[in-house]
Q: 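Here it is, the structure, as structure tokens.
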Amino acid sequence: MTDALRAELTRVASRLGADGVEFVLERPRDAGHGDLATNLAMVLAKRERANPRQTAQRVLQELQLSPELVERTEIAGPGFINFWLARDELATAHRLILEAGSHYGRSTVGAGLRVNVEFVSANPTGPLHVGHGRGAALGDAIASLLEWTGHAVAREFYINDAGVQIDRLAQSLWARVRELAGHPLAIPEGGYHGEYLKENAREVLAREGATFAELPDEEGIRRSRALILEIQRAEQDRDLAEFGVRFDVMSSEQAIYDSGRVEHAIDLLRQRGLTFEAEGALWLRTTAFGDDKDRVLRKSDGSLTYLVPDIAYHIDKHDRGFDRVIDVWGADHHGYIPRMRAVLAALGYSPEFFDVALVQLVKVVRGGQEVKMSKRSGEFVTLRDLYEEVGVDAARYFFLMRKGASPLDFDVDLAKRQTDENPVFYVQMGHARLSGIFRTAERAPESISGALDLQALPAPQDGELLKKLVTFPEIVEKAAREREPHRITVYLHELATVVHAWYHHTRAVGAPEGAATEQARLLLARAARIVLANGLTILGITAPDRM
RNA sequence: GCGCCCGUAGCUCAGGUGGAUAGAGCAACAGCCUUCUAAGCUGUGGGUCCCAGGUUCGAAUCCUGGCGGGCGCGCCA
């Protein structure tokens with residue numbers, strides 16, 4: 001219905017000599033300003049230096065609207081045109097909710113676009129911590145939003161299993177193994193001191209036998225390397241799986257090296273004349289593409305910088321046919337964006353190809369105090385610690401409550417509370433209560449069908465609920481476009497507020513207004529239950545029928 | 001020093017491609033339990049949208065300059 005009105009306003013605009021003019025058609029905050037409002041007249045008046053209210057008159061004269069669509073219009077304030085939709089339109093919108101069911105909110109705006117969302121990508125050097133958890137929730141929800149808007153999405157995890165960090169990890173594990181065997185060995189400089197490596201060392205000895213610890217250092221470290229990668233990867237995968245995140249593709253940095261893609265990336269840049277030699281190193285001229293300084297590819301000692309495999313990896317994603325890649329990165333990597341963007345521009349990729357969603361730090365708070373230590377790792381709060389304590393649903397919801405680029409305080413006490421103060425609880429409770437209505441009615445929600453009789457919904461809360469429900473598809477689209485899942489949590493909380501108020505003030509089963517109202521309210525409850533469930537599903541959170 | 005992000009109620013934050021009287025939750029205060037889950041609802045108080053200019057009919061939103069905070073600026077990853 002919004003689309004039809006927008007189209008008609010666009011037609012009127014061009015008829016008034018303002019082809020392609022941009023204007024806003026939106027739901028006003030204040031219900032007294034109608035169901036939809038446009039600033040078109042004010043925009044036109046600005047171009048013509050005319051009186052906006054008079055221009056609004058001309059727009060209304062030109063406007064051809066079916067009375068079945070719009071019931072009433074008015075010119076208000078400085079020149080807004082407000083529209084009241086015909087009540088039937090709401091009934092039609094309601095019918096669409098029931099027809100679409102678990103698909104309500106899906107659209108095809110992204111049809112034909114292949115998108116790769118890469119997230120978490122934690123180094124396999126230790127357990128996932130809460131920051132990774134936030135990245136996991138965010139990346140998964142962005143991917144989900146893109147799916148809901150018709151994109152073909154791949155969820156991808158990049159394993160940094162090459163390089164110096166892994167060497168140090170292997171040495172650190174080996175030191176722990178030797179230590180257990182009674183041959184104390186220092187953990188190398190820059191190595192890993194976490195308690196988890198002691199557990200891992202015990203695991204290795206149990207698996208490989210006590211003689212493993214007696215191997216010469218060189219062989220012991222070489223084998224430790226493979227073992228620790230396997231162990232840590234398995235732990236991360238288990239935690240992610242329990243957290244409800246599944247990846248379509250696991251990419252390995254080592255595999256990119258082994259396949260020759262890293263060297264090939266350098267060749268490609270060289271052939272394009274984008275490199276130069278200086279001070280014994282090979283440089284990439286990223287300044288020609290917006291970076292603030294040129295970057296080293298091959299150091300003077302002959303080894304490659306981290307940038308090179310990363311370039312190769314992005315080329316690889318491009319070659320796999322993705323139209324867009326979205327990298328979910330910790331906010332501390334934001335300085336890395338311009339150079340990657342420059343590299344991809346240098347390769348001739350579309351500026352739209354590469355996008356980054358930044359995730360800010362998570363501060364875990366308990367009893368008003370920041371929690372810094374984890375029992376397991378002795379270093380940080382692990383994702384596992386967190387979801388075991390508060391549950392996956394609460395963890396995901398809290399991670400998605402705020403814009404990714406904003407720092408987040410995660411209040412553990414609040415996340416566990418079984419009251420309305422806890423937003424997850426509040427939203428899920430809304431769904432459970434709606435389910436309870438059908439239990440009381442002893443009817444399955446799906447069995448309630450037919451057209452919604454708006455005349456049978458006399459309470460103001462009936463109308464408010466209905467109006468809130470029909471905005472859901474717009475919210476999903478906007479959240480997907482902006483890559484901002486928190487728009488869904490905000491909406492769900494608002495919807496839950498309306499649901500609880502409606503539930504409290506009106507009665508469906510045995511409605512005092514009569515059987516017609518009972519039927520209408522059951523239809524409304526069915527629709528509200530669908531929308532709450534769909535919103536929660538996008539975020540990877542369950543919609544319980546009882547609590 | 002340069003770059004990016006941020007500054008909105010006592011606290012935590014929405015809103016930001018300009019639009020009508022700036023919102024929510026928590027906290028505070030005052031009410032509501034023979035009810036489909038009170039595991040909830042209703043109301044009240046609370047604001048220099050960091051500051052100063054500018055653009056505009058109109059600025060929390062855009063521009064410029066400050067102030068304050070976070071992060072980043074390596075031949076680390």
Side-chain angles (χ1 to χ4, degrees), chain A residues 22-24 26 28-30 32-33 37-39 42-43 45-46 49-53 76-80 82 123 125 160 162-166 190 253 278-283 291-293 295-307 309-310 330-339 358 360-361 365 368 401-403 405-409 411 414 417-423 425-426 428-430 432-442 461 482 484 486-487 489-491 493-494 496-497 499-511 518 521-522 525 546-547:
Chain A
E22 291 200 11
F23 62 91
V24 174
E26 63 182 2
R29 279 197 202 95
D30 187 336
H33 295 139
T38 182
N39 66 346
M42 288 184 285
V43 175
K46 185 170 196 165
R49 301 176 159 274
N51 180 322
R53 291 187 66 106
F80 287 101
N82 297 336
N123 289 340
T125 53
N160 294 113
V164 205
Q165 295 304 320
I166 305 302
E253 180 182 1
E279 300 160 55
L282 181 70
W283 295 70
D291 199 3
D292 59 346
K293 54 183 81 163
R295 304 294 168 178
V296 171
L297 297 177
R298 192 189 302 279
K299 301 182 236 175
S300 50
D301 70 1
S303 65
L304 299 177
T305 61
Y306 177 74
L307 185 59
D310 226 21
D332 55 342
H333 285 65
H334 73 257
Y336 198 70
I337 299 173
R339 85 186 65 162
L358 292 177
Q360 265 288 5
L361 295 176
V365 176
M401 263 195 311
R402 305 276 176 249
K403 197 187 307 191
S406 308
L408 174 73
D409 283 356
D411 185 336
L414 180 61
R417 213 165 289 158
Q418 303 287 299
T419 70
D420 60 320
E421 297 156 69
N422 179 352
F425 179 85
Y426 187 76
Q428 289 185 317
M429 189 64 206
R433 280 184 143 180
L434 292 170
S435 301
I437 290 176
F438 294 97
R439 275 196 298 276
T440 305
E442 297 184 330
Q461 289 83 3
E482 306 286 333
E484 291 182 339
H486 78 277
R487 289 173 185 275
T489 46
V490 168
Y491 169 82
H493 196 270
E494 288 168 0
T497 302
V499 165
H500 285 302
W502 174 81
Y503 182 90
H504 188 80
H505 289 286
T506 72
R507 209 183 151 81
V509 181
E518 170 169 324
R521 292 218 170 108
L522 287 173
R546 22 172 124 237
M547 297 183 72

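Per chain, numbering begins at 1; letters A, B, ... match sequence-line order.
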Q: A:Arg507 near the nucleic acid: base, sugar-phosphate alone, or nothing, with a heavy-atom cut-off under 4.0 Å?
A: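 Here A:Arg507 touches the bases of the nucleic acid.
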Q: Under a 3.5 Å cut-off for both distances, is B:C62 Watson-Crick or wobble paired, and to whom?
A: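 Looking at the geometry, B:C62 pairs with B:G54.
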Q: Starting at the 5' end of RNA chain B and moving along, which residue's nearest nucleotide shows up first, A:Thr305 or A:Pro338?
A: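 The answer here is A:Pro338.
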Q: Base, sugar-phosphate, or nothing for A:Phe438, non-hydrogen atoms under 4.0 angstrom?
A: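 Answer is nothing: A:Phe438 stays at 4.0 Å or more from every strand.
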Q: Is A:Arg417 paired with A:Asp420 through a side-chain N to carboxylate O contact shorter than 4.0 Å?
A: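 No.
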Q: Just call it for A:Ala37: base, sugar-phosphate, or nothing, with non-hydrogen atoms closer than 4.0 Å on any strand.
A: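 A:Ala37: base contact, heavy atoms under 4.0 Å.
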Q: Who is the Watson-Crick or G-U wobble partner of B:G31, with both distances under 3.5 Å?
A: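 Matched B:G31 with B:C41 under the 3.5 Å cut-off.
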Q: Considering only atom P, compute the distance from B:A60 to B:U8 and round it to an integer number of Å.
A: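 Each nucleotide's P atom is 15 Å from the other's.
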Q: At 4.0 Å (heavy atoms only), tell me whether A:Ser406 reaches a base, stays on the sugar-phosphate, or touches nothing.
A: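 Since only primed, P, OP1 and OP2 atoms lie under 4.0 Å of A:Ser406, the category is sugar-phosphate.
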Q: State the NZ-CZ distance between A:Lys403 and A:Arg487, to the nearest 0.5 angstrom.
A: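 Spacing of NZ (A:Lys403) from CZ (A:Arg487) equals 7.5 Å.
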Q: Could you tell me which nucleotide pairs with B:C26 by Watson-Crick or G-U wobble geometry, both distances under 3.5 Å, or answer none if nothing does?
A: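 Across all strands, the one nucleotide that pairs with B:C26 is B:G10.
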Q: How is A:Thr489 classified with respect to the nucleic acid when contacts are heavy atoms under 4.0 Å: base, sugar-phosphate, or nothing?
A: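 Result for A:Thr489 = nothing.
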Q: If the glycosidic angle sits within 90 degrees of zero it is syn, else anti. Tell me which applies to B:C33.
A: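 Nucleotide B:C33 adopts syn.
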Q: Using the P atom as the reference point in each nucleotide, state the distance between B:C62 and B:C4 in Å, no decimals.
A: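 The answer is 14 Å between these two P atoms.
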Q: Looking only at heavy atoms, which two atoms of A:Leu522 and A:Phe438 are closest? And how far apart?
A: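 Answer, listing the atom of A:Leu522 first, then A:Phe438: O-CZ, 3.5 Å.
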Q: Mind checking the P distance from B:A28 to B:G69? Whole angstroms is fine.
A: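 That atom pair is separated by 31 Å.
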Q: Classify the nucleic acid contact of A:Asn422 as base, sugar-phosphate or nothing, counting any heavy atom under 4.0 Å across all strands shown.
A: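 Result for A:Asn422 = nothing.
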Q: By the 4.0 Å heavy-atom rule, please label A:Gln360 as base, sugar-phosphate, or nothing.
A: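 Nothing: the residue A:Gln360, judged by heavy atoms under 4.0 Å, touches no strand.
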Q: When all nucleic acid strands are considered with a 4.0 Å heavy-atom cut-off, which category describes A:His500: base, sugar-phosphate, or nothing?
A: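 Result for A:His500 = sugar-phosphate.
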Q: Which part of the nucleic acid, if any, lies within contact of A:Lys293, taking any heavy atom under 4.0 Å across all strands shown: a base, the sugar-phosphate backbone alone, or nothing?
A: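 Answer is sugar-phosphate: A:Lys293 comes under 4.0 Å of backbone atoms only.
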Q: Assign A:Ala281 to base, sugar-phosphate, or nothing according to its heavy-atom contacts below 4.0 angstrom with the strands shown.
A: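 Base, at least one base heavy atom under 4.0 Å.
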Q: When all nucleic acid strands are considered with a 4.0 Å heavy-atom cut-off, which category describes A:Arg546: base, sugar-phosphate, or nothing?
A: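 Base contact - A:Arg546 has a heavy atom under 4.0 Å of at least one base atom.
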Q: What's A:Ala45 touching, base or sugar-phosphate or nothing? Going by heavy atoms closer than 4.0 Å.
A: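 Result for A:Ala45 = nothing.
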Q: Looking only at atom C1', what distance separates B:U48 and B:G43, rounded to whole Å?
A: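 These two C1' atoms come out 28 Å apart once rounded.
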Q: Is the backbone of A:Gly510 close enough, under 3.5 Å, to the side chain of A:Glu518 for a donor and an acceptor to pair up by distance?
A: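 Answer holds: yes.
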Q: Is A:Met401 touching bases, backbone alone, or none of the nucleic acid, heavy atoms closer than 4.0 Å?
A: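 If one applies the 4.0 Å heavy-atom cut-off, A:Met401 turns out to touch nothing in the nucleic acid.
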Q: Working to the nearest 0.5 Å, report the span between CG of A:Leu361 and CG of A:Asp409.
A: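 Answer rounded to 0.5 Å: 11.0 Å.
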Q: Quick check for you: name the first and last nucleotides of RNA chain B, 5' to 3', having an atom under 4.0 Å from a heavy atom of chain A.
A: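 Result: B:G3 to B:A77.
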Q: Could you check which nucleotide pairs with B:G16 in any of the strands shown, counting Watson-Crick or G-U wobble with both distances under 3.5 Å?
A: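 Across all strands, not a single nucleotide pairs with B:G16.
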Q: Any chance you could measure A:Thr419, atom OG1, to A:Met429, atom CE, to the nearest 0.5 Å?
A: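 So the OG1 of A:Thr419 and the CE of A:Met429 are separated by 11.5 Å.
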Q: Would you measure the distance from the C1' atom in B:A27 across to the matching atom in B:G70 and give it in whole Å?
A: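 Each nucleotide's C1' atom is 26 Å from the other's.
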Q: How far does the C1' atom of B:A14 sit from the matching atom of B:G47, given to the nearest Å?
A: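 To the nearest whole Å, 15 Å.
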Q: Within the side chain of A:His33, is there an N or O that forms a donor-acceptor pair under 3.5 Å with the backbone of A:Ala76?
A: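 No.
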Q: Is the shortest heavy-atom distance from the side chain of A:Gln360 to the side chain of A:Leu408 under 4.5 Å?
A: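 Sidechains of A:Leu408 and A:Gln360: no contact.
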Q: With both distances kept under 3.5 Å, what pairs with B:C76, Watson-Crick or G-U wobble?
A: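 Pairing partner, where one exists within any strand: none, as none qualifies.
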Q: Can you tell me how far the CG atom of A:Leu307 sits from the OH atom of A:Tyr336, to the nearest 0.5 Å?
A: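 The distance works out to 4.0 Å.
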Q: Determine whether a donor-acceptor pair (N or O, by modelled atom type, separation under 3.5 Å) exists between the side chain of A:Asp291 and the backbone of A:Pro338.
A: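 No.
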Q: Provide the distance between the two P atoms, one in B:U61 and one in B:U56, to the nearest whole Å.
A: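 Those two atoms are separated by 16 Å.
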Q: Touch check for A:Gly163, heavy atoms < 4.0 angstrom, all strands: base, sugar-phosphate only, or nothing?
A: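 No contact at all - A:Gly163 keeps every heavy atom at 4.0 Å or more from the nucleic acid.
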Q: For B:C71, which nucleotide in any strand shown is its Watson-Crick or wobble partner with both distances under 3.5 Å?
A: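 Base-paired to B:G3.
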Q: Would you mind telling me which residue lines up with the more 5' stretch of RNA chain B, A:Asp332 or A:Ala278, judged by nearest nucleotide?
A: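 Taking each residue's closest nucleotide, the earlier one in sequence belongs to A:Asp332.
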Q: If the P atom of B:G68 is compared with that of B:C50, how far apart are they to the nearest Å?
A: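 Between the two P atoms, the distance is 16 Å.
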